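What's counted below: heavy atoms across the whole structure, side chains too, no hydrogens, waters or symmetry copies. Computed from a predicted structure; not experimentally measured.
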Amino acid sequence: MLAAFSGLSASSGRPTRGRGTARLATMTLVSGLVAAGVLAGAGSAAADDTPQSLGGATATIGGLKTYGQAVIHGDTGDQRVAAGLFEMSVEGGGTLQTYCIDIHNPTQKDARYQETPWSGTSLGSNKDAGKIRWILQNSYPQVNDLAALAQRAGVAGLTEQDAAAGTQVAIWRYSDGADVDAIDPQAEKLADYLDKSARDLAEPRASLTLDPPAVSGHPGGLIGPVTVHTNAGAVMVTPPADAATSGVRITDKTGKTVTSARDGSRLYFKVPEDATQGSAELTVQASTTVPVGRAFASESRSQTQILAGSSESTVSAAARAMWAQAGAIPALSAHKNCAEGGLDITAANSGDQPFTFELMGAEHTIPAGTSRTVTIPLQEDQAYDFTITGPNGFTQRFTGVLDCKTQSDEGGPSTQTLSEPSPATVGGTAGGTNLAATGGTSATPVIAGVAIGLVVIGGAALVLLRKRENPAGE
């Protein structure tokens, strides 16, 4: 969620904050900053329908496990908050430890998170994102020798709580441009050490992805390739669920059926020559540790997290193939582009006729054998839900929420709210907002009464089109 800041941090000086025609069936955006408790239900449904996950680990957040206290200094006063490590349970097995990189949004208990590229969060436009990764790799829990960590930071000693709080404070200064200090003197010294020592590092690789996530072609040949990218030693390849009746197989480039793969493996869909039109999906799964520094985002607008530690965990990814005997044969995929403030939809056409579709009032044509990317501009905190239809019964729906900023544009007090534990306010009611009263769960009755405005985006909306004149199968 991350990129827009306003003002300057007092302590750091950093910013704070026809033929083959497809029709856009629906495009509805939920306007304004939607309260997290209301959006949580809609987000879950959206996640079930969204074919735009790029793979990796899927996990449910449990809450803060190791933490201390910090103070956020703001125009409305000082606010005390809990600062430290969250714990997540991975679907299929495994545990993750994370820090928050979204201080001004609420954390929803039991929210579902997906491993996400930095480009799909505020990290994609945060020039200090690499320094956050350095902090993660050089502090707790990656450095679990607290005596050694204390010596590096020049402090007398550190408890786990101090180490977690100091690390979180240092991260917030870079992720949110926050003017924030740890309450405990040792934790504050650690935060200062990490803040001053941080160096820029590159984004870590995903634990498991398939590229591209959608391909198309003619039956009788090999459709693909889909390339495996993973840090696991091996991944298990699962063929389409109806493979026994459809005859669709997952193969290598020679047409040999494969059941396992590794990093760099190229997979293909082998479709029977007499097949007319249809689609199939392959999945890959592995057990591995998720790389430190990977972002985790939730469609429920629960605080964006960044990975600090991982047990051996289950990761997965999927790819879809479309085929037809003739005409346009589209393959669509999408991912959030926070740097551009929108959703990138990549349309590839492996057919022998152009693929034409309307999107937000503009018509786009993808010539045979090419692919292009359309960027749909969206407003921050808006939910989107639209369906593109095409030839041979082609239908694809995209749903989700664009959540790219660490601070709302709605104004009002900036607070970091937690469902557990309930932090206290520094200075009483005169000094700032009582965060215990604004937690994710306690605010639900109030949030449920908030009316959500709907804005239908018309043909005057700006659509940015980036052309990639590459063969669609490459």
(request) Mind checking side chain to side chain contact (heavy atoms under 4.5 Å, CB included) for Pro239 and listing every partner two or more places apart, or none if nothing turns up? (result) Ala243, Ile250
(message) Holding to side chain to side chain contact (heavy atoms under 4.5 Å, CB included), I want the full list of residues that pass it with Asp263, two or more places apart in sequence or in another chain.
(response) Arg205, His229, Thr230
(request) Output all residues satisfying salt bridge (charged side-chain N to carboxylate O under 4.0 Å, His left out) with Arg266, sequence neighbours left out; order by chain, then residue number. (result) none
Whether [Y] and [X] form a salt bridge (side-chain N of Lys/Arg under 4.0 Å from carboxylate O of Asp/Glu) is what I want to check.
X      : Y      : value
Glu115 : Arg294 : yes
Arg133 : Asp128 : no
Lys336 : Glu299 : yes

Value rounded to 0.5 Å, distance of [atom1] in [X] from [atom2] in [Y]:
X      : Y      : atom1 : atom2 : answer
Leu332 : Ser371 : CG    : OG    : 11.0 Å
Leu282 : Thr251 : CG    : OG1   : 10.5 Å
Leu149 : Asn144 : CG    : CG    : 10.0 Å
Ser125 : Glu340 : OG    : CD    : 10.0 Å
Ile61  : Gln303 : CD1   : CD    : 7.5 Å
Asn337 : Ile345 : CG    : CD1   : 12.0 Å

(message) For Gln137, is the CD atom crowded, meaning more than 12 foreign heavy atoms sit under 6.0 Å from it?
(response) yes
Nearest heavy-atom neighbours spanning [X] and [Y]:
X      : Y      : value
Leu146 : Ala163 : CD2-CB, 3.9 Å
Leu307 : Pro291 : CD2-O, 3.2 Å
Met88  : Thr98  : CE-OG1, 4.0 Å
Leu190 : Ala153 : CD1-CB, 3.9 Å
Val290 : Leu96  : CG2-CD2, 4.2 Å
Pro272 : Ser246 : CG-O, 3.4 Å

Is there a donor-acceptor pair closer than 3.5 Å between any side-chain N or O of [X] and the backbone N or O of [Y]?
X      : Y      : value
Gln382 : Leu402 : no
Asp403 : Asp381 : no
Thr209 : Ala206 : no
Gln114 : Ala297 : no
Asp176 : Ala178 : no
Ser139 : Leu136 : no
Asp242 : Thr245 : no
Glu380 : Lys405 : yes
Ser197 : Leu194 : no
Ser302 : Gln108 : yes

(message) Quick one, Phe86 with Tyr99, criterion ring pair (Phe, Tyr, Trp, His ring centres under 6.0 Å). Give me CA distance, side-chain angles, the key distance, then yes/no.
(response) CA-CA 6 Å; Phe86 289 84; Tyr99 287 106; 8.6 Å; no
(message) Out of the candidates Thr288, Val90, Thr95, Thr289, only one should pair with Ser313 under the side-chain contact (heavy atoms from CB on, under 4.5 Å) rule; please name it.
(response) Val90
(request) Quickly, which of Asp195, Asn126, Leu123 forms a side-chain contact (heavy atoms from CB on, under 4.5 Å) with Tyr174? Name it, please. (result) Asp195
Measure the shortest side-chain to side-chain distance between [X] and [Y] over non-hydrogen atoms and say whether it is less than 4.5 angstrom.
X      : Y      : result
Glu273 : Pro219 : no
Tyr268 : Val226 : no
His335 : Leu54  : yes
Gln142 : Val292 : yes
Trp323 : Thr276 : no
Arg397 : Thr399 : yes
Arg199 : Leu201 : no
Thr304 : Phe296 : no

Would you please say whether a donor-acceptor pair under 3.5 Å links the side chains of [X] and [Y]?
X      : Y      : answer
Thr159 : Asp162 : yes
Thr58  : Tyr113 : no
Glu91  : Thr314 : no
Arg249 : Thr257 : yes
Ser298 : Ser300 : yes

(request) Determine the interplanar angle of the Phe394 and Phe355 rings, folded into 0 to 90°, and report it as parallel if under 30°, tilted if 30 to 60°, perpendicular if over 60°. (result) perpendicular
(message) As a quick check of understanding, evaluate side-chain contact (heavy atoms from CB on, under 4.5 Å) for Val81 and Ile72, giving each step before the final call.
(response) CA-CA 7 Å; Val81 296; Ile72 304 172; 4.0 Å; yes
(request) Would you sort out whether Thr60 and Ser89 count as a side chain to side chain donor-acceptor pair (under 3.5 Å), showing the intermediate values? (result) CA-CA 5 Å; Thr60 300; Ser89 298; over 6 Å; no
(request) Check step by step if salt bridge (Lys or Arg N to Asp or Glu O under 4.0 Å) holds for Asp200 and Lys131. (result) CA-CA 5 Å; Asp200 190 49; Lys131 293 182 179 180; over 6 Å; no
